[in-house]
Amino acid sequence: MKYFKNIFVIVFIVFAIWMIFIDSNSLLIHRELNQDIEDLENEKEYYKSEIEKDKKAIKELSTDDGVERMARETYYMKKDNEDIYIIEYEDSLKVNNKDE
């Protein structure tokens, strides 16, 4: 109790409470801003990896073989003298069981 009679201790406690909770640059706001910065850094890394994947796709599609391969695999296109057979495995099919 004798510590609370000292004016310096009282001023320090008021200053600490002010800086942690009330001030516009408070510790709580800094914690929120640091979390936002971390989220944005993670988002930046995600978009960098997406850009790299897109660059690889563009490089692959810049050749005739790449365009033909994508047309065959994605859109099931074929040449006039070819037949396409799509094989679906049992584990890749969606099955609706009434028992579940």
Peer 1: Working to the nearest 0.5 angstrom, can you tell me the gap between L27 CG and M19 CE?
Peer 2: 9.0 Å
Peer 1: Check the pair I13 / I17 against side chain to side chain contact (heavy atoms under 4.5 Å, CB included), numbers first and verdict last.
Peer 2: CA-CA 6 Å; I13 291 172; I17 291 172; 3.9 Å; yes
Peer 1: Is it the case that one hydrophobic cluster holds both L28 and F15, taking links as side-chain heavy atoms less than 4.5 Å apart, direct or via other members?
Peer 2: yes
Peer 1: More than 12 heavy atoms of other residues, nucleotides or ligands under 6.0 Å from CG of D36: is that the case?
Peer 2: yes
Peer 1: Show the atom names and distances, to 0.1 Å, of all donor-acceptor pairs under 3.5 Å that link a side chain in residues 48-61 to residues at least two apart or in another chain.
Peer 2:
{"unit_1": "S49", "atom_1": "OG", "unit_2": "Y46", "atom_2": "O", "d": "2.7"}
{"unit_1": "E50", "atom_1": "OE2", "unit_2": "K53", "atom_2": "NZ", "d": "3.1"}
{"unit_1": "E60", "atom_1": "OE2", "unit_2": "R69", "atom_2": "NH1", "d": "3.4"}

Peer 1: Can any side-chain N or O of T74 pair as donor or acceptor with the backbone N or O of M70 at less than 3.5 Å?
Peer 2: yes
Peer 1: Does D39 form a side chain to side chain donor-acceptor pair (under 3.5 Å) with Q35? I'd like the steps, not just the answer.
Peer 2: CA-CA 6 Å; D39 292 342; Q35 182 63 42; 3.1 Å; yes
Peer 1: May I ask you to say whether E68 pairs ionically with K79, meaning some side-chain N is under 4.0 Å from a carboxylate O?
Peer 2: yes
Peer 1: So if you build clusters from Ile, Leu, Val, Met, Phe, Trp, Tyr with side-chain heavy-atom gaps below 4.5 Å, do W18 and I29 land together?
Peer 2: no
Peer 1: For E45, what residues pass the side-chain hydrogen bond (donor to acceptor under 3.5 Å, both in side chains) criterion, not counting sequence neighbours?
Peer 2: none
Peer 1: At what distance, to the nearest 0.5 angstrom, does CG of L40 lie from OH of Y47?
Peer 2: 10.5 Å
